[in-house]
Amino acid sequence: MDKHDNLIGGEWVSADAYGENRNPSNRDEVIGLYAQGSAADAERAVEAAQAAAPGWADATPQARHDLLEAVGRKLAERSQEIGRLLSREEGKTLAEGIGETLRAAQVFKFFAGEALRVAGDLQASVRPDIDVEVTREPVGVVGLITPWNFPIAIPAWKTAPALAYGNCVVLKPADLTPGCAHVIARLLDECGCPPGVFNLVMGRGSVVGETLVTHPDIDALSFTGSVPTGSHIAEVCGRMKRKSQLEMGGKNPMVVLNDADLDVAVAACLNGTFFSTGQRCTASSRLIVEAGIHDAFVEKLVAGMRALKVGDALAPETQIGPVVDGKQLQSNLSYVELARKEGAEVIGGEQLDLATNGFFQAPALFLGTNNSMRINREEIFGPCGSVIKVGDFDEALAVANDTEFGLSAGICTTSLKAARTFKRKSQAGMVMVNLPTAGVDFHVPFGGRKGSSFGPREQGRYAAEFYTTVKTAYVFAG
Ligand code: NDP
């Protein structure tokens with residue numbers, strides 16, 4: 001069985017312990033053994049990053065561009081093989097796995113370009129004969145902590161801007177899905193990344209992650225994952241007066257108005273609610289449906305949901321792969337039970353016994369729900385959606401905004417006026433019109449409001465806000 005080591009200071013470093021990476025479509029299949037890094041490994045990685053930081057901060061934009069472009073090219077060239085690994089370790093369908101790998105390639109190529117475009121401002125001073133220069137500098141050593149649900153895209157969209165803007169990185173991927181992050185490390189190494197500029201330490205969040213979070217030589221921390229871990233990181237970073245960027249959960253509303261195109265609305269909700277097994281922070285989990293279209297919408301959605309093929313992630317006919325692990329499956333099943341207890345009519349949602357030993361679950365729809373039920377307040381993170389019937393647009397908008405979260409919000413309507421009002425009044429960071437709440441571009445900002453996000457946005461040019469720090473220089477030429 002192949003052993004996969006950590007990358008620290010340009011060396012592939014073996015660990016005291018290795019963990020099995022198992023396929024959620026078939027628990028009998030071990031994909032590989034991956035290092036379980038220790039606190040000492042994480043400390044060595046921070047030291048290596050610190051030692052490399054001055055050199056990488058002074059590297060030319062061309063050098064940074066070339067590295068990121070080469071990694072982007074290799075990710076695209078190997079997207080079939082890497083996408084297959086992704087589907088085997090996370091459980092997304094093969095099409096989704098390849099698509100996510102190509103997305104990671106696009107992200108690296110986008111930031112290869114951005115490395116050449118780091119701009120500043122030259123402003124006249126209010127005083128005579130003085131110029132004011134505003135320039136962007138790297139933050140220093142950044143710690144990146146990533147979740148299992150986008151095992152290549154999220155490490156890519158944190159690593160690429162960090163390196164493009166001249167920072168050194170220590171990446172700790174989710175323990176459930178280290179394989180894709182290991183591929184990124186291998187490609188960076190193959191493409192000539194200088195020692196220490198990028199370090200990978202795989203292992204537990206409570207060990208490796210916590211060491212990064214509390215390490216005094218980490219200058220900024222970017223995290224995606226659950227609300228409790230994110231809140232803990234925000235508190236520690238606040239105490240240590242250090243930059244943090246947090247992307248956490250969602251309870252994203254999708255409003256369907258009476259005037260919606262029914263086919264468009266059903267397609268958007270099937271995709272947003274159930275695809276990727278509902279394991280997306282942008283999943284459409286609250287379907288807020290106006291009374292006049294409710295029955296027709298539910299009938300068509302249920303038919304579409306029942307036709308979705310659940311199965312092995314690599315089988316060509318599969319549309320919904322397995323849940324990522326046993327813990328998440330048990331949590332999803334307990335929410336299905338809770339929906340019943342709270343008085344919802346439950347369609348689907350049962351555990352499925354298929355040919356392989358995987359964590360399969362039928363998609364679930366909860367009907368006749370209201371927005372105060374726990375199933376509509378807490379993030380489930382599985383293939384489960386609720387329908388909330390409302391009387392009119394104003395009620396739909398109020399219900400959509402009545403949540404602690406604010407990541408993504410959608411509306412299906414043919415009314416320009418309703419779409420415009422929804423865009424303006426939604427309390428989410430991203431708004432979709434006649435599109436699923438999930439599924440975003442790589443070159444524009446990603447992030448939310450309220451309990452969903454904290455700190456500057458990720459992705460696109462807005463990533464510079466987090467990965468750089470601004471310097472204001474005054475020059476007297478008198
Ligand atoms: P976590 O927040 O625990 O995990 C996210 C990352 O943080 C992982 O790499 C994890 O490591 C790491 N981590 C855990 N504890 C610490 C710590 N004390 N210090 C530093 N890093 C830490 O989420 P889970 O994966 O356990 O998922 C739980 C729930 O979170 C899901 O059911 C879902 O509701 C939500 N979630 C939301 C995501 C989003 O995109 N918004 C993504 C993933 C989950 P480790 O390898 O040990 O897991």
Side-chain angles (χ1 to χ4, degrees), residues 19 21 24 34-39 42 89-92 100 143-151 153-155 157-158 170-182 200-215 218 221-237 240 244-252 276-283 285 323-335 359 361 374-375 377-384 404-408 429-430 437-438 440 446-448 450-454 458-459:
N21 185 358
Y34 287 81
Q36 284 282 318
S38 60
E89 74 170 352
E90 198 270 352
K92 265 175 212 187
E100 189 184 325
L144 309 179
I145 299 178
T146 57
W148 47 263
N149 62 330
F150 283 91
I154 296 180
W157 85 46
K158 294 184 192 296
V170 181
L171 168 64
K172 191 222 93 69
D175 197 32
L176 271 178
T177 56
C180 288
H182 192 269
L200 173 75
V201 187
M202 300 171 286
R204 297 295 311 166
S206 52
V207 179
V208 176
E210 193 60 26
T211 304
L212 298 183
V213 171
T214 51
H215 201 294
I218 290 273
L221 252 155
S222 180
F223 165 84
T224 302
S226 65
V227 174
T229 309
S231 306
H232 163 66
I233 291 175
E235 276 167 29
V236 176
C237 287
M240 295 175 81
S244 66
Q245 176 184 58
L246 314 172
E247 290 301 340
M248 299 169 286
K251 196 70 194 173
N252 308 292
S276 302
T277 323
Q279 298 175 152
R280 298 188 279 194
C281 48
T282 48
S285 48
V323 174
V324 74
D325 73 348
K327 189 167 143 231
Q328 186 67 50
L329 176 61
Q330 284 316 314
S331 167
N332 296 351
L333 294 173
S334 72
Y335 274 108
F359 300 117
Q361 182 184 13
R374 273 181 58 206
I375 49 165
R377 310 229 52 103
E378 298 169 16
E379 186 178 46
I380 298 177
F381 225 61
C384 309
E404 287 172 23
F405 295 105
L407 187 55
S408 182
M430 299 179 290
T437 51
V440 295
F446 176 96
K450 301 201 275 190
S452 289
S453 304
F454 180 81
E458 302 205 66
Q459 302 211 64

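Please read all numbers here as calculations on a predicted model, not as lab measurements. Remember, it's 1-based here, ligands and their atoms both numbered in the order they're listed.
- Protein heavy atom closest to atom 12 (C) of ligand 1, with residue, atom name and distance, is I145 CG2, 3.7 Å.
- When only non-hydrogen protein atoms are considered, atom 26 (O) of ligand 1 lies nearest to K327 NZ, 4.3 Å.
- Inter-residue side-chain proximity for E379 and S285 is flagged as unmet; no heavy-atom pair is nearer than 4.5 Å.
- Atom 46 (O) of ligand 1 has as its closest protein heavy atom D175 N, 2.5 Å.
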Going through the checks in order, is the side chain to side chain contact (heavy atoms under 4.5 Å, CB included) test met by Q361 and L329? CA-CA 8 Å; Q361 182 184 13; L329 176 61; 3.8 Å; yes

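- Below 4.0 Å from some heavy atom of R204 lie the following atoms of ligand 1, by number and element: 47 (O).
- Not a single donor-acceptor pair under 3.5 Å links the side chain of S331 to the backbone N or O of K327.
- The shortest N or O to N or O distance between T224 and ligand 1 is not under 3.5 Å.
- Using a 4.0 angstrom heavy-atom cutoff, G230 does not count as in contact with ligand 1.
- Scanning the protein for heavy atoms near atom 33 (C) of ligand 1, the closest one is F381 CG, 3.4 Å.
- At the top of the distance list for atom 47 (O) of ligand 1, counting protein heavy atoms only, stands G205 N, 2.7 Å.
- In summary, the atoms of ligand 1 found under 4.0 Å from a heavy atom of E210, numbered by their order in the structure, are 17 (C), 18 (N), 19 (N), 20 (C).
- When atom types are taken as modelled, the side chain of E89 and the backbone of G179 share a donor-acceptor pair closer than 3.5 angstrom.
- With a 4.0 Å cut-off on non-hydrogen atoms, T146 touches ligand 1 through its backbone and not its side chain.
- Side-chain atoms of Q279 and N149 include no donor-acceptor pair closer than 3.5 Å.
- Annotation: side chain of T224 is in contact with side chain of E458 (closest heavy-atom distance under 4.5 Å).
- When heavy-atom distances to ligand 1 are checked against a 4.0 Å cut-off, M248 comes that close only through its backbone atoms N, CA, C and O.
- Ligand 1 places these atoms under 4.0 Å from at least one heavy atom of G203: 46 (O).
- Inter-residue side-chain proximity for P155 and L144 is flagged as unmet; no heavy-atom pair is nearer than 4.5 Å.
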From CA spacing to verdict: side chain to side chain contact (heavy atoms under 4.5 Å, CB included), K251, R377: CA-CA 7 Å; K251 196 70 194 173; R377 310 229 52 103; over 6 Å; no

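- Atoms of ligand 1 found under 4.0 Å from any heavy atom of K172 (numbered from 1 in listed order, with element): 9 (O), 11 (O), 45 (P), 46 (O).
- The protein heavy atom nearest to atom 43 (C) of ligand 1 is P147 CB, 3.5 Å.
- The protein atom (non-hydrogen) at minimum distance from atom 2 (O) of ligand 1 is S226 OG, 2.6 Å.
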Run the numbers on K172 and V201 for side chain to side chain contact (heavy atoms under 4.5 Å, CB included), then give the verdict. CA-CA 5 Å; K172 191 222 93 69; V201 187; 5.5 Å; no

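- When the heavy atoms of F223, F150, W148 are ranked by distance to atom 7 (O) of ligand 1, first place goes to F223.
- Looking at residues two or more places apart in sequence or on another chain, you find no ring pair (Phe, Tyr, Trp, His ring centres under 6.0 Å) involving F150.
- The Q328 neighbourhood of ligand 1 comprises atoms 31 (C), 32 (O), with distances under 4.0 Å to a heavy atom of that residue.
- Atom 15 (N) of ligand 1 is flagged as protein-proximal [any protein heavy atom, distance under 4.0 Å].
- The ring pair (Phe, Tyr, Trp, His ring centres under 6.0 Å) test applied to F359 returns no partner, not counting sequence neighbours.
- Shown in contact with G249 at under 4.0 Å from a heavy atom are these atoms of ligand 1, numbered in order with element: 41 (N).
- Among protein heavy atoms, the minimum distance from atom 34 (O) of ligand 1 is reached at E379 OE1, 3.1 Å.
- Checked by atom type and distance alone, the side chain of N21 never pairs as donor or acceptor with a backbone atom of T177 at under 3.5 Å.
- Distances below 4.0 Å separate heavy atoms of G209 from the following atoms of ligand 1: 19 (N), 20 (C), 21 (N).
- Atom 37 (C) of ligand 1 has its nearest heavy-atom neighbour, among S206, G225, S331, in G225.
- Here the side chain of S452 pairs a donor or acceptor atom with the backbone of G249 at under 3.5 angstrom.
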